[in-house]
Amino acid sequence: MDSCAPAPAKPGDFIRDIIDDDLAAGRHQKVITRFPPEPNGFLHIGHAKSICLNFGLALDYRQRLPGSGTRCHLRFDDTDPAKEDTLFEEAIQEDVRWLGFEWDGLYHASDYFQKMYECAEHLIAQDKAYVCSLSDAEIKAYRGNVTTPGKPCQFRQRSHDENMDLFRRMKAGEFKDGEHVLRAKIDMSNPNMKMRDPLLYRIRHTAHHMTGNTWCIYPMYDFAHPISDAIEGITHSICTLEFENNRELYDWVVDNLIDYARFPSRPRQFEFARLNLNYTVMSKRRLLELVEGNHVSGWDDPRLPTIAGLRRRGYTPESIRAFCAGVGVAKANSTVDMAQLEFCIRDDLNQKAPRVLGVLKPLKVVIENFPDSRTEELDASYWPHDVPKEGTRKVPFCREIYIEQDDFMLEPPKDYFRLAPGREVRLRYAYCITCTDVIKDGSGNVIEVRCTYDPDVKPGDNPVGRKVKGTIHWVSARHAVDAEVRLYDRLLSEEMPPAGKDSEFLKAINPHALQVLLGCKLERSLETASPGERYQFERQGYFVVDPKDSKPSALVFNRIVTLKDSWARAQKK
RNA sequence: UGGGGCGUCGCCAAGUGGUAAGGCACCUGGUUUUGGUCCAGGCAUUCCGAGGUUCGAAUCCUUGCGCCCCAGCCA
């Protein structure tokens, strides 16, 4: 803020309202949040919403409460050794940083395994937990269902001593996976199914990527999460709506341990609606299926809504943050329109991406009255009049050029103002040309267009006495740089993937989500474009030099997003 | 069916008893050497429905309806 004008009424959201209230009531003097991914997959744009919320909260309140210790942790929720991996942890850290956030402390739930174990023994000592030796099928049966209360099993009566002995032997590795579990002793007939003596620990003879073989019993999420939060002094533990039922258990765990464990805070859980986007999939299961089933090239495939995918697609962190801010934080389940995300990247790149000329589907044009021996070097601005930036390059103009196939029509409709037999168009930054003839192949396809140019109208000038409505892009045939261009579009061709539990959604994959174009003709200046650089190919869209596959000798561009195209939209009607 | 949540424009979303913000999308028109950008205008007499309280209700009460979540030794 460099203005002394009163800050505009901040949008705010219900979480900030709660925090403001907590601060005003003196319940907290600082705010500590955390972003707690499980390292078993890549982050996607839904996580970005949570990241922006949690880290954003820390940033905002640190400003308001300087020196208070307000912060946001990154914590890996690594309580299930079978699914988690260091590989994912590295990718997650890279993604969080790329989005523009830095954590105040990196933690693992596994850092607290010893403490959690002690808490479990404490609960046993307090008769608040017991070792249950039912099979998983029996546990399920005893739990009842949403309309039928569960019922206690015989093991619920075990003595403290027996429970303690069994639990210690579980830890010592005396039992096989599944033989016993530790459960909270709460209420088997509680209307909230999460409270029907939930499992706290299970036996897993599996090496953990952080703790190795130190443990063969691992805490469940509902036990590990509140304890981790409380140990770290988290004040506001923000999660998604599906955990609303778990909040009662979260509170039970904290309340039953807070005096014993002397937690530095009494954290509270708050739930907000996770992000859903149409024309794509966001669930871990579906993303995993796409990757492992080789339906995409990997976690960073530009068709995916993963952070890595969006990054490779050419999205900017700023655009993703703007998107998250625009979407807001609330409690109603919702599905945001992909058009909103596309708007954000166009809006950002409009100011950031230099304009260049590139012909994707080339059609040769010969300008008959332009000498073959001549080359003109024309000035072309990198920026349109409305972007306040300086910079130009020279583009060579010759007798033979390429234009876009879509910019020529044999029998154009009246409102088509590009090139057609007898029609005149302006070549961007160059001359006006008139089509005098076309050359077709054996099957009647136009393979070359013959034109003449008006030497009296200098590049940059307007012809006198007539108006030339259309301007098209072009590239000098002799100077063009060949490139591969990957045209990306929405992952799915349907707004919502079929609901099926299985792989139904695969049928909704948009076959045109990736179209590879070879032999595209780009202007000479792009020869030295380097990986990660973004450009606007005028009249077509925003493109990025693929960070992985592009080589100086074999350029590869990814289409980030098309430009809005009111002509194409009008055509559909 | 028990419990927990949620229902404001096509999609998000403010609003917390004083007479429906904003963004996206869409539609009009203008500017334009990008059919881009930008600019101007339009876009909910009504807030899931029905009653009620009140001078006044999206906001309070009652009662329906709809949708989501919970029956993993996943998170």
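Values below: all heavy atoms of this structure, side chains included; hydrogens, waters and symmetry mates excluded. In what follows, chains are A, B, ... by sequence order, proteins preceding strands, each numbered from 1.
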Check your understanding: Does any nucleotide pair with B:C65 by Watson-Crick or G-U wobble geometry, both distances under 3.5 Å, and what is it?
Key -> B:G7
**Study point:** Of the listed nucleotides B:G72, B:C70, B:U33, the one nearest the side chain of A:Lys194
**Key:** B:C70
Review point. What nucleic acid atoms does A:Gly541 come within less than 4.0 Å of, heavy atoms only: base, sugar-phosphate, or nothing?
Key: nothing
Check your understanding: B:C74 phosphate, OP1 or OP2: any side-chain N/O from A:Arg204 under 4.0 angstrom?
Key -> yes
Practice item. Using a cut-off of strictly less than 4.0 Å, decide whether A:Ser566 has a side-chain nitrogen or oxygen near OP1 or OP2 of B:G36. Key: yes
Check your understanding: According to the salt bridge (charged side-chain N to carboxylate O under 4.0 Å, His left out) rule, which pairs have a member within residues 176-187 of chain A, sequence neighbours left out?
Key -> A:Asp127-A:Lys185
Practice item. Tell me what A:Tyr218 touches on the nucleic acid: a base, only sugar-phosphate, or nothing, going by heavy atoms under 4.0 Å. Key: nothing
Check your understanding: When the C1' atoms of B:G66 and B:C55 are considered, how many whole Å apart are they?
Key -> 34 Å
Review point. Quick one: A:Arg428 CZ to B:G35 C1', roughly how many Å, whole number?
Key: 13 Å
Review point. What does nucleotides 1-6 of chain B look like as a protein-contact string, B for base, S for sugar-phosphate only, - for none, at under 4.0 angstrom between heavy atoms?
Key: BBBSSS
**Study point:** Between P of B:C11 and CG of A:Asn278, the distance in whole Å
**Key:** 11 Å
Check your understanding: What integer number of Å spans the P atoms of B:G4 and B:U63?
Key -> 15 Å
Point to revise | Whether A:Tyr221 stacks on the six-membered ring of B:A75 base, 5.5 Å and 30° limits | key: no
**Study point:** Nucleotide nearest A:His385 when distance is taken to its side chain, options B:G36, B:A75, B:G72
**Key:** B:G36
Revision key, fill the gap. Residues 321-343 of chain A vs side chain to side chain donor-acceptor pair (under 3.5 Å), sequence neighbours excluded, gives A:Glu244-A:Lys331, A:Glu342-A:Arg490
Practice item. Between B:C27 and B:G64, how far apart are the C1' atoms? Round to whole Å, please. Key: 38 Å
Exercise for review: Output the single nucleotide from B:G35, B:C69, B:U34 whose closest atom is nearest the side chain of A:Leu563.
Suggested key: B:U34
Review point. Which part of the nucleic acid, if any, lies within reach of A:Val561 when heavy atoms closer than 4.0 Å are counted: base, sugar-phosphate only, or nothing?
Key: nothing
Exercise for review: Go through the structure and list residues passing side-chain contact (heavy atoms from CB on, under 4.5 Å) with A:Asp20, not counting sequence neighbours.
Suggested key: A:Tyr61, A:Arg64
Exercise for review: With heavy atoms under 4.0 Å as the rule, sort A:Arg196 into base, sugar-phosphate or nothing.
Suggested key: nothing
Check your understanding: Considering every strand shown, what is the Watson-Crick or G-U wobble mate of B:A58 when both distances are under 3.5 Å?
Key -> none
Study note, to complete from the structure: With sequence neighbours left out, the residues meeting side-chain contact (heavy atoms from CB on, under 4.5 Å) with A:Val96 are A:Phe35, A:Leu43, A:Ile51, A:Phe55, A:Ile92, A:Phe101, A:Trp103
Review point. Does B:U19 have a Watson-Crick or wobble partner in any strand here, with both distances under 3.5 angstrom, and which is it?
Key: none
**Study point:** For B:C38, the Watson-Crick or wobble counterpart (both distances under 3.5 Å)
**Key:** B:G30
Review point. Is the distance from OP1 or OP2 of B:C74 to the nearest side-chain N or O of A:Arg202 less than 4.0 Å?
Key: yes
Can you tabulate the close N/O pairs, meaning under 3.5 Å, that link protein atoms to atoms of nucleotides 22-25 of chain B?
| unit_1 | atom_1 | unit_2 | atom_2 | d |
| --- | --- | --- | --- | --- |
| B:G23 | N2 | A:Gln340 | OE1 | 3.0 |

Review point. Within the distance-only criterion (no hydrogens, no angle test), does the side chain of A:Arg534 pair as donor or acceptor with the backbone N or O of A:Tyr315 below 3.5 angstrom?
Key: yes
Point to revise | Quiz item: A:Asp415 side-chain donor-acceptor pair to B:G35 base, under 3.5 Å | key: no
**Study point:** Anti/syn call for B:G72, syn if |chi| within 90°
**Key:** syn
Check your understanding: How would you label the contact of A:Gly178 with the nucleic acid (heavy atoms, under 4.0 Å): base, sugar-phosphate, or nothing?
Key -> base
Exercise for review: Output yes when A:Lys352 and A:Asp347 qualify as a salt bridge under the 4.0 Å nitrogen-oxygen rule, no when they do not.
Suggested key: no
Exercise for review: Pick the P atom in B:A58 and in B:A20, then give their distance to the nearest Å.
Suggested key: 9 Å
Check your understanding: With a 3.5 Å cut-off and no angle check, do the side chains of A:Glu424 and A:Tyr453 form a donor-acceptor pair?
Key -> no
Exercise for review: For A:Phe243, report the nucleic acid contact type (base, sugar-phosphate, nothing); a contact means any heavy atom under 4.0 Å.
Suggested key: base
Review point. What pairs with A:Tyr107 under ring-ring contact (aromatic ring centres under 6.0 Å, His included), at least two apart in sequence or on another chain?
Key: A:His73
Exercise for review: With heavy atoms under 4.0 Å as the rule, sort A:Met220 into base, sugar-phosphate or nothing.
Suggested key: sugar-phosphate
Practice item. Starting from P on B:U32, measure out to CZ on A:Phe417 and report it in whole angstrom. Key: 13 Å
Check your understanding: For A:Val181, which contact category applies under a 4.0 Å heavy-atom criterion: base, sugar-phosphate, or nothing?
Key -> base
**Study point:** ring-ring contact (aromatic ring centres under 6.0 Å, His included) partners for A:His44, two or more places apart
**Key:** A:His47
Check your understanding: What nucleic acid atoms does A:Leu378 come within less than 4.0 Å of, heavy atoms only: base, sugar-phosphate, or nothing?
Key -> nothing
Practice item. Indicate, with a heavy-atom threshold strictly under 4.0 Å, whether A:Ile472 touches base, sugar-phosphate, or nothing. Key: nothing
Check your understanding: Will you find, in the side chains of A:Glu89 and A:Thr86, an N or O donor that is under 3.5 Å from an N or O acceptor?
Key -> no
Check your understanding: Any side-chain heavy-atom pair from A:Glu242 and A:Glu271 closer than 4.5 angstrom?
Key -> no
Check your understanding: Within the structure shown, what part of the strands sits under 4.0 Å from A:Asp461 by heavy-atom distance: base, sugar-phosphate, or nothing?
Key -> base
Exercise for review: Would you confirm whether A:Asn350, through its side chain, and A:Arg346, through its main-chain N or O, come within 3.5 Å as a donor-acceptor pair?
Suggested key: no
Point to revise | Contacts of type side-chain contact (heavy atoms from CB on, under 4.5 Å), residue A:Val485, not counting sequence neighbours | key: A:Leu360, A:Leu487, A:Leu517, A:Cys520, A:Phe543, A:Phe557
Practice item. For nucleotides B:C9 and B:A14, find the distance between their P atoms and express it as a whole number of Å. Key: 13 Å
Check your understanding: Which nucleotide in the list B:G35, B:G72, B:U34 gets nearest to the side chain of A:Tyr416?
Key -> B:G35
Practice item. For nucleotides B:G3 and B:C60, find the distance between their C1' atoms and express it as a whole number of Å. Key: 26 Å
Study note, to complete from the structure: Smallest heavy-atom separation, A:Tyr431 atom then A:Glu376 atom, equals OH-OE1, 2.6 Å
**Study point:** Sugar-phosphate only, base, or nothing, as touched by A:Asp565 at under 4.0 Å among non-hydrogen atoms
**Key:** sugar-phosphate
Revision key, fill the gap. Between OH of A:Tyr382 and P of B:G36 the distance, given in whole Å, is 24 Å
Exercise for review: Determine the Euclidean distance between corresponding C1' atoms of B:G36 and B:C70; express it in Å to zero decimal places.
Suggested key: 49 Å
Exercise for review: Give the rounded distance in Å between these two atoms: CG of A:Leu275 and P of B:C68.
Suggested key: 18 Å
Check your understanding: Quick one: is B:A75 close enough that its OP1 or OP2 comes under 4.0 Å of any side-chain N or O from A:Thr79?
Key -> yes
Point to revise | Contact under 4.0 Å: A:Arg143 side-chain N or O vs B:G72 OP1/OP2 | key: yes
Practice item. Would you classify A:Asp222 as touching base, sugar-phosphate or nothing, given that sugar-phosphate means primed atoms plus P, OP1 and OP2, and contacts are heavy atoms under 4.0 Å? Key: nothing
Practice item. Would you mind classifying the nucleic acid contact of A:Gln536 as base, sugar-phosphate or nothing, using non-hydrogen atoms under 4.0 angstrom? Key: base
